[in-house]
Amino acid sequence: MDEHAVAVPEKSQTENGGAKTEQPKPSTSSTSSSNNMDILLRMGFPMDRAEKALTCTGDVSVPAAIDWILSHKDDPLLDVQDQREYLVYLCPSGPLLEKIEEFLNKTVETSGRNGAHLHMPHITMCHAFKTTASNIPAMLKALQKTNASVANTVGTLPDLSKLERYTSESFIGLFLDKAVDKVLKQLSESLVAALQPFSDKPIPHNSEKAFHLTLAYHFEASQFETIHALSKRIPLKTGAAWNILLLSRDARFHSHEVFKMVHPWSTAISHRDDEIPFIKNDYVYVAPKQNSATSTNAHPAGWVSAVSWSTGCSGVVPLTGIERTFSSDAWILHACIPYSTLRLQTGSLISDLNCFPSAQRARWVEKLPAREAKHLHPAEVESRRLDKYGVDQELRKQSATVQRKSSTGTKKGSTSSNSAAAAAGATAFVMRHGERMDFVFGVDWIHKCFDGEGNFTRLDLNMPKSVPKRRSGPGAYVRDPPLTYMGVFQAQTTGRAMKDHGITFSRVFTSPALRSIQTAAGVLEAFKDPPKLCIEPGLYEWLGWVREAHPDWLSTAELQAAGVSVDSEYQPCFSAHQLDFNEDVEGFYTRNGLVVRRIMQKHGHEGGNFLFVAHASSLDTCTRQLIGATPRSHIDMTRITQRVPYCAVVTCCPGPEQTWQLKNPPFPALTHGQNIKFNAIQTFITPESTYDRDMQDDLENLARHSARSKSSSLSVAPVKK
């Protein structure tokens with residue numbers, strides 16, 4: 001039963017039984033991999049189309065996503081990023097599921113359909129809520145974290161095999177033991193709390209209802225005896241494995257009935273121009289009551305209006321060729337969490353194929369090319385015409401046709417990031433942060449400036465007067481240093497130049513690094529009523545530079561306490577949990593480019609200027625995808641980075657035919673010299689030999705950092721010697 005509350009049963013009407021549950025072996029957990037998205041982008045698919053395809057196939061494989069795109073090439077809503085509804089079920093598998101399905105089929109034969117035939121047998125752990133596809137990776141991370149927390153709190157999970165049959169005049173179901181019910185309520189509350197931040201509305205809680213498996217409800221009173229007799233055939237001692245499933249459904253068809261295509265009609269029934277072609281095992285959405293007698297008379301030969309699940313196209317289908325099925329058969333599975341281990345499984349790593357809804361399993365899982373390719377000898381892969389991604393070469397040729405079609409013109413209603421933002425005239429300003437403390441004073445500034453109680457003392461005029469308080473103490477500044485006083489001045493000066501040239505910003509996005517956040521805040525001091533800062537983890541620098549020690553960034557509360565205006569309601573496009581500290585340079589370009597494209601996709605239609613404050617490499621990595629260039633090599637990226645001074649700015653502007661162009665900003669660059677460390681006593685009083693040694697140390701220190709803090713203007717053309 002889905003969204004129907006049922007009172008706790010009276011013990012006088014229950015039949016008790018128990019059996020030891022057959023639990024599955026622990027399996028490897030996995031979060032939803034971004035590799036499939038990267039592959040689709042490298043193959044040339046638009047980001048919004050690739051993201052939608054992965055969502056609508058459960059991210060099971062690249063071939064599945066390509067198949068979805070090709071099948072929906074005539075779907076008028078192909079490029080519309082509509083929200084899906086997500087929900088979490090606890091579902092049985094194995095012998096118990098087989099007995100329940102046998103009961104449901106017999107019920108249809110003897111008494112017709114009732115409310116229990118809407119959805120797969122389940123216990124609702126989290127009711128339906130809407131969110132965007134970009135939130136799925138973060139949702140999976142939240143679920144994984146919640147599972148670990150519950151497992152540590154509860155310890156050994158109670159057995160789910162103790163079931164009690166409950167009956168009333170309008171309801172028949174199987175209830176769980178009270179001890180189990182208590183643990184499931186705790187797990188349900190934790191799941192709801194973890195998923196609530198991603199929902200646009202409050203998610204209802206299950207604390208007031210007893211957890212149960214619904215067998216039948218909303219049936220005629222005259223049918224009770226027959227249904228009740230059939231329910232007694234389900235042994236209460238039947239073993240089962242249980243899985244927690246994260247599922248989604250198309251919100252447009254929540255109230256529609258789902259039918260499966262079973263009998264071809266093109267040869268038996270006269271052809272109609274508006275008919276949906278028969279596709280074996282395809283599903284269609286039919287508006288309620290269309291299959292009633294009245295509606296049938298209104299449609300010659302019993303034709304009803306429908307929407308195809310596999311193509312998204314609308315038309316009519318004959319009632320004689322379709323068969324009613326569970327609405328959940330047309331849903332999509334995104335994650336499976338075996339109750340016995342509470343370890344997250346996603347995509348092709350989901351071990352129990354019976355967890356997949358029927359349509360998804362039949363089309364993309366049971367015949368999954370990527371699964372087969374993993375176990376093939378290279379010669380076999382070639383003979384079966386699969387490329388290195390497990391994609392059939394003929395399928396790839398078809399996808400190229402669709403890409404060419406999409407590149408020649410955007411359909412009405414398209415939300416393509418490049419076209420939408422460029423058409424609206426949105427301009428991206430990408431900026432490097434200002435001068436950082438450790439590049440001037442070395443890492444030991446922390447030991448010199450902080451006492452044993454964590455109090456900061458300013459030892460040089462180029463040091464800030466104060467630094468934000470950190471929950472993890474001053475040691476966190478080793479990996480996340482602040483700006484120098486000169487760094488703040490550089491940011492303020494650049495901000496005033498922007499204002500003097502009539503530049504304003506509608507939105508400002510910054511890397512979570514403190515130096516980037518302080519730079520963005522310094523720039524915005526020049527403006528009246530500036531926008532709040534949106535902290536975007538996906539803008540952080542290449543993770544290959546921080547692999548051994550991950551940074552500990554300041555929280556939103558800590559930044560606000562330090563006087564930084566942060567948008568606490570902003571949902572990042574790329575959460576901190578998604579960062580892969582083993583990424584290569586190509587992955588870094590993909591991550592930065594993906595974040596900028598998602599932001600431009602979401603907000604580009606507003607027009608205006610967007611400011612991205614990040615790192616030296618960001619001026620290239622954040623714009624390279626927009627202008628249609630390929631990622632650079634590690635050596636080339638390093639060479640480019642060394643030529644980008646503090647607070648350098650580059651603009652990415654809309655060009656002809658909805659393209660992007662890289663340009664210098666409309667204001668001058670900031671160029672200045674650099675002072676070495678000065679001490680009057682050492683200079684004028686200390687013996688000359690000591691002075692020379694200290695001076696040499698200063699010069700060597702300056703030489704070590706000159707490459708990174710080189711004060712030269714940014715130029716697109718090669719540097720002339």
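A donor-acceptor pair shorter than 3.5 Å cannot be found between the side chains of Ser358 and Arg363. Side-chain contact of Ser248 with His334: a donor-acceptor pair under 3.5 Å is present, judged by distance alone. For the residue pair Ser93 and Asp352, a side-chain donor N or O sits within less than 3.5 Å of a side-chain acceptor on the partner. Looking only at atom types and distance, the side chain of Ser308 has a donor-acceptor partner in the side chain of Asp282 under 3.5 Å away.
Ion pair Arg598/Glu51 flagged as a salt bridge, since at least one NZ, NE, NH1 or NH2 atom sits closer than 4.0 Å to an Asp/Glu carboxylate oxygen. Note on Asp79 versus Arg49: salt bridge recorded, some NZ/NE/NH1/NH2 to OD/OE distance being below 4.0 Å. A salt bridge does not link Lys52 with Asp48: none of the charged nitrogens is closer than 4.0 Å to a carboxylate oxygen. The existence of a salt bridge linking Glu85 and Lys130 is excluded, since no basic side-chain nitrogen approaches an acidic carboxylate oxygen closer than 4.0 Å.
Among residues two or more places apart in sequence or in another chain, the ring-ring contact (aromatic ring centres under 6.0 Å, His included) test is passed with Phe211 by none. Ala53 meets the side-chain contact (heavy atoms from CB on, under 4.5 Å) test with Ala65, Trp68, Ile69; sequence neighbours excluded.
Of the possible donor and acceptor atoms, one in the side chain of Arg165 sits under 3.5 Å from a partner among the backbone N and O of Ile234. Checking side-chain atoms of Ser327 against main-chain N and O of Glu257 turns up no donor-acceptor pair under 3.5 Å. Between the side chain of Ser168 and the backbone N or O of Phe171, at least one donor-acceptor pair lies under 3.5 Å. Listed for the Ser188 side chain is a donor-acceptor partner under 3.5 Å among the backbone atoms of Met125. Side-chain atoms of His117 never come within 3.5 Å of backbone atoms of Gly115 as a donor-acceptor pair (strictly under, hydrogens ignored). Between the side chain of Ser149 and the backbone N or O of Thr146, no donor-acceptor pair lies under 3.5 Å. Remark: the backbone N or O of Lys201 is paired with a side-chain donor or acceptor of Gln196 at under 3.5 angstrom.
Taking CD1 of Ile337 as the start and CG of Leu344 as the end, the distance is 5.0 Å to the nearest 0.5 Å. Taking NZ from Lys99 and CG from Leu96, the interatomic distance works out to 10.5 Å, rounded to the nearest 0.5 Å. Between the SG atom in Cys126 and the CG atom in Leu143 there is a gap of 8.5 Å [rounded to 0.5 Å]. Between atom CG of residue Asn135 and atom CG of residue Leu195 there is a gap of 10.5 Å, rounded to the nearest 0.5 Å. Put simply, CE on Met139 and CG on Leu191 are 11.0 Å apart, with the number rounded to the nearest 0.5 Å. In this structure, Asp74 CG and Ser314 OG are separated by 12.0 Å, a value rounded to the nearest 0.5 Å.
The number of heavy-atom neighbours closer than 6.0 Å to CD of Glu323, taken from other residues, nucleotides and ligands shown, is 12 or below.
Each of Val317, Val316, Ile322 was evaluated against Ile276; a single residue qualifies, Val317, per the side chain to side chain contact (heavy atoms under 4.5 Å, CB included) test.
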Could you walk me through whether His122 and Leu90 pass the side chain to side chain contact (heavy atoms under 4.5 Å, CB included) check?
CA-CA 6 Å; His122 69 279; Leu90 176 63; over 6 Å; no
Quiz item: Could you walk me through whether Ile244 and Leu187 pass the side chain to side chain contact (heavy atoms under 4.5 Å, CB included) check?
Solution: CA-CA 10 Å; Ile244 301 171; Leu187 180 57; 3.6 Å; yes
Exercise for review: Please assess Thr320 against His263 for the test side-chain hydrogen bond (donor to acceptor under 3.5 Å, both in side chains), listing each intermediate value before the final yes or no.
Suggested key: CA-CA 7 Å; Thr320 55; His263 303 297; over 6 Å; no
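Ring pair Tyr89/Trp331 is tilted by interplanar angle, where 30° to 60° counts as tilted. Using cut-offs of 30° and 60° on the angle between ring planes, the pair Tyr166 and Phe175 is perpendicular.
Residues His127 and Tyr86 place their aromatic rings such that the two centres sit no closer than 6.0 Å.
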